[in-house]
Amino acid sequence: MSRKVLVVDDEKLIVKGIRFSLEQDGMDVDCAYDGEEALQYAKNCEYDLVLLDVMLPGIDGFEVCRSLRSNIKTSHIPVIMLSALGKNTENKIKALECGANVFIDKPFDMDFLLKQVA
């Protein structure tokens, strides 16, 4: 049985690259491009993992992560946050305090991301 992954990022090229790589590894991938859409997907489907960008239109990634953690249905889902804001330690700490399991700086190496997902 393949793993179900939700990829959330407003940068379509990043989403396309991540989706392609995950699907090559046999994963089933849904994609959302803003925070509201991500929460709708999480409400309607069960995921094994969420890859979540911090800077999203509307509801940002920090708030999406908090919402996932506060909902009993989604509170257990591992969340890997991705962000260009990562060079700032304060943002990494904020991500972990929101409930993220891992924080990866953009730009990232796809092989490293895939090892985190595996």
Side-chain angles (χ1 to χ4, degrees):
M1 184 164 119
S2 69
R3 293 178 70 199
K4 183 91 170 148
V5 179
L6 176 60
V7 176
V8 186
D9 198 310
D10 61 328
E11 295 182 46
K12 293 188 184 328
L13 286 176
I14 290 176
V15 171
K16 184 177 180 179
I18 293 172
R19 179 182 208 155
F20 177 80
S21 295
L22 294 176
E23 287 177 342
Q24 291 298 306
D25 278 0
M27 295 182 204
D28 185 12
V29 181
D30 286 335
C31 302
Y33 300 96
D34 62 50
E36 284 186 44
E37 188 178 20
L39 291 173
Q40 276 301 114
Y41 270 104
K43 179 180 173 183
N44 296 319
C45 190
E46 291 187 29
Y47 292 98
D48 299 304
L49 175 69
V50 175
L51 295 175
L52 177 63
D53 185 31
V54 170
M55 295 188 303
L56 296 170
I59 303 170
D60 70 20
F62 295 126
E63 193 56 40
V64 170
C65 192
R66 279 189 205 96
S67 294
L68 292 173
R69 291 294 176 242
S70 68
N71 183 321
I72 191 131
K73 181 183 172 200
T74 58
S75 63
H76 67 283
I77 302 170
V79 174
I80 296 176
M81 292 192 87
L82 310 169
S83 181
L85 299 174
K87 307 298 185 242
N88 180 336
T89 302
E90 183 178 307
N91 288 316
K92 291 178 182 182
I93 291 169
K94 185 175 179 180
L96 296 174
E97 289 174 344
C98 291
N101 299 85
V102 176
F103 189 99
I104 298 176
D105 296 324
K106 286 182 180 179
F108 53 84
D109 178 80
M110 189 60 73
D111 289 334
F112 178 76
L113 178 64
L114 292 175
K115 291 293 183 193
Q116 293 295 317
V117 169

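All residue numbers in this chain count up from 1 along the given sequence.
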[atom1]-[atom2] distance between [X] and [Y], expressed to the nearest 0.5 angstrom:
| X | Y | atom1 | atom2 | answer |
| --- | --- | --- | --- | --- |
| N88 | D105 | CG | CG | 10.0 Å |
| R69 | S75 | CZ | OG | 7.0 Å |
| D9 | L52 | CG | CG | 9.0 Å |

Among residues at least two apart in sequence or on other chains, which ones pass side chain to side chain donor-acceptor pair (under 3.5 Å) with D28?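 Here the qualifying residues are K4.
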Non-neighbouring partners of R3 that pass side chain to side chain donor-acceptor pair (under 3.5 Å), sequence neighbours left out: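 Once residues adjacent in sequence are excluded, R3 has no partner under the side chain to side chain donor-acceptor pair (under 3.5 Å) criterion.
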Which residues end up grouped with L82 if you chain together Ile, Leu, Val, Met, Phe, Trp and Tyr wherever their side-chain heavy atoms are less than 4.5 Å apart?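 When side chains under 4.5 Å apart are linked, the cluster holding L82 also contains V5, V7, I14, V15, I18, L22, M27, V29, Y33, L49, L51, I80, V102, I104, F108, M110, F112, L113, L114, V117.
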How is the hydrophobic cluster of I72 composed, in terms of its other members, when Ile, Leu, Val, Met, Phe, Trp and Tyr link through side-chain heavy atoms under 4.5 Å apart, directly or indirectly? none
Pairs flagged by side-chain hydrogen bond (donor to acceptor under 3.5 Å, both in side chains) wherever residues 41-51 is involved - sequence neighbours left out: D30-Y47
Side-chain donor-acceptor pairs under 3.5 Å in residues 55-66, sequence neighbours left out?
from	atom 1	to	atom 2	distance (Å)
D60	OD1	F62	N	3.1
D60	OD1	E63	N	2.8
E63	OE1	R66	NH1	3.0

Can we say E90 and K94 salt-bridge, meaning some charged N sits less than 4.0 Å from an Asp/Glu carboxylate O?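 Not counted as a salt bridge, because no side-chain N and carboxylate O are separated by less than 4.0 Å.
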Would you please name every residue forming a salt bridge (Lys or Arg N to Asp or Glu O under 4.0 Å) with E36, sequence neighbours left out? none
Qualifying residues under salt bridge (Lys or Arg N to Asp or Glu O under 4.0 Å), relative to K16, sequence neighbours excluded: none
Measure across [X] and [Y] and return the closest heavy-atom pair with its distance rounded to 0.1 Å.
| X | Y | value |
| --- | --- | --- |
| G26 | S2 | O-CB, 2.9 Å |
| A42 | T74 | O-CG2, 3.7 Å |
| M81 | A95 | SD-CB, 3.5 Å |

According to the salt bridge (charged side-chain N to carboxylate O under 4.0 Å, His left out) rule, which pairs have a member within residues 74-85, sequence neighbours left out?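 Found none.
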Can you pull the salt bridge (charged side-chain N to carboxylate O under 4.0 Å, His left out) pairs that have at least one residue in residues 108-118, sequence neighbours excluded?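 Applying salt bridge (charged side-chain N to carboxylate O under 4.0 Å, His left out) to every pair that reaches into residues 108-118, excluding sequence neighbours, yields nothing.
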Kindly indicate, with the supporting measurements, whether the criterion side chain to side chain contact (heavy atoms under 4.5 Å, CB included) is fulfilled by D53 and D10. CA-CA 8 Å; D53 185 31; D10 61 328; 3.5 Å; yes
